[in-house]
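Below you'll find the structure, written out as structure tokens, and then a few comments.
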Amino acid sequence: MDAARLVAESERVMRGAPQPEDVIEEAWQAGELVEAVGRLLTAVGHPSAARTGAPGFGGRTGPVVVAAGAGPPRAARLTAVRDPAGTLRALRVLLGEITHALVGLTRAVHDEGAYWQCIEALDAVDEAKDRVRALARGERMPGEHGGEGLSCAD
């Protein structure tokens, strides 16, 4: 599935009336999608990803944790990035919306565990924003291994 459609799914969730757990899930889903887009752009040798390598998402280990019944991460359905520049812009906007929602949640939660879930999600979204900026500029993220990508055949 094209990245733009996957971003649109997240946008629909965020534009609805998401519950706190939905916002936290969307943060992780978006982060995984950013990672997958980066890997795909690197694999096809897109010019904006030619020097980015194939990074992990902020050193996170293990699979993304999603809410019960939510199914696999959206990123697992990614098959194409037809408009890399547009996708990266859409991801930036989505990550901004998620950040805004998470900041509101952190101020409203009264449970310490929920507060720290929001903080961890905010950290993940911040890393994803950094990754999107690096992809847009064709830069390598700190700790990534360089290497030349393939020339874009499209």
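Hydrogens, waters and symmetry mates are skipped; everything else that's a heavy atom, side chains included, is used.
When the side chains of ILVMFWY residues are joined at heavy-atom separations under 4.5 Å, either directly or via intervening members, Met1 and Val37 end up in a single hydrophobic cluster. The hydrophobic cluster containing Val103 also contains Met14, counting ILVMFWY residues as joined when their side-chain heavy atoms lie under 4.5 angstrom apart, directly or transitively. There is no path of hydrophobic side-chain contacts, each under 4.5 Å, that joins Val93 to Leu135. Linking ILVMFWY residues whenever their side-chain heavy atoms come closer than 4.5 Å, directly or via other members, places Trp116 and Trp28 in the same cluster.
Put simply, OG1 on Thr79 and CZ on Arg77 are 10.5 Å apart, with the number rounded to the nearest 0.5 Å. Between Leu88 atom CG and Asp83 atom CG the span is 9.0 Å, to the nearest 0.5 Å. Considering CD of Glu25 and CD of Gln117, their distance stands at 12.0 Å, rounded to 0.5 Å. Separation of atoms CG (Leu94) and CG (Leu6) is listed at 11.0 Å; rounding is to 0.5 Å. Annotation: the span from Arg131 atom CZ to Glu35 atom CD amounts to 8.0 Å, rounded to 0.5 Å. Between Leu122 atom CG and Lys129 atom NZ the span is 8.5 Å, to the nearest 0.5 Å.
A 4.5 Å side-chain heavy-atom check between Ser10 and Arg74 finds at least one atom pair inside the cut-off. Contact of the Leu105 side chain with the Leu102 side chain is registered, since non-hydrogen atoms from C-beta on lie closer than 4.5 Å. Put simply, the side chain of Arg89 reaches to within 4.5 Å of the side chain of Arg92, judged on heavy atoms.
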With side-chain contact (heavy atoms from CB on, under 4.5 Å) as the test, would you mind laying out the steps for Val34 and Leu95 before giving the verdict? CA-CA 10 Å; Val34 167; Leu95 292 167; 4.1 Å; yes
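Arg5 has no carboxylate O lying under 4.0 Å from a charged side-chain N of Glu9, or vice versa, which leaves the two without a salt bridge.
When all heavy atoms are compared, the tightest approach of Ala75 to Glu32 is CB-O, 3.5 Å. Smallest separation of non-hydrogen atoms from Ala4 and Thr87: N-OG1, 4.2 Å. Smallest separation of non-hydrogen atoms from Asp2 and Arg82: OD1-N, 2.9 Å. When every heavy atom of Cys118 is checked against every heavy atom of Ile24, the shortest pair comes out as SG-CD1, 4.0 Å.
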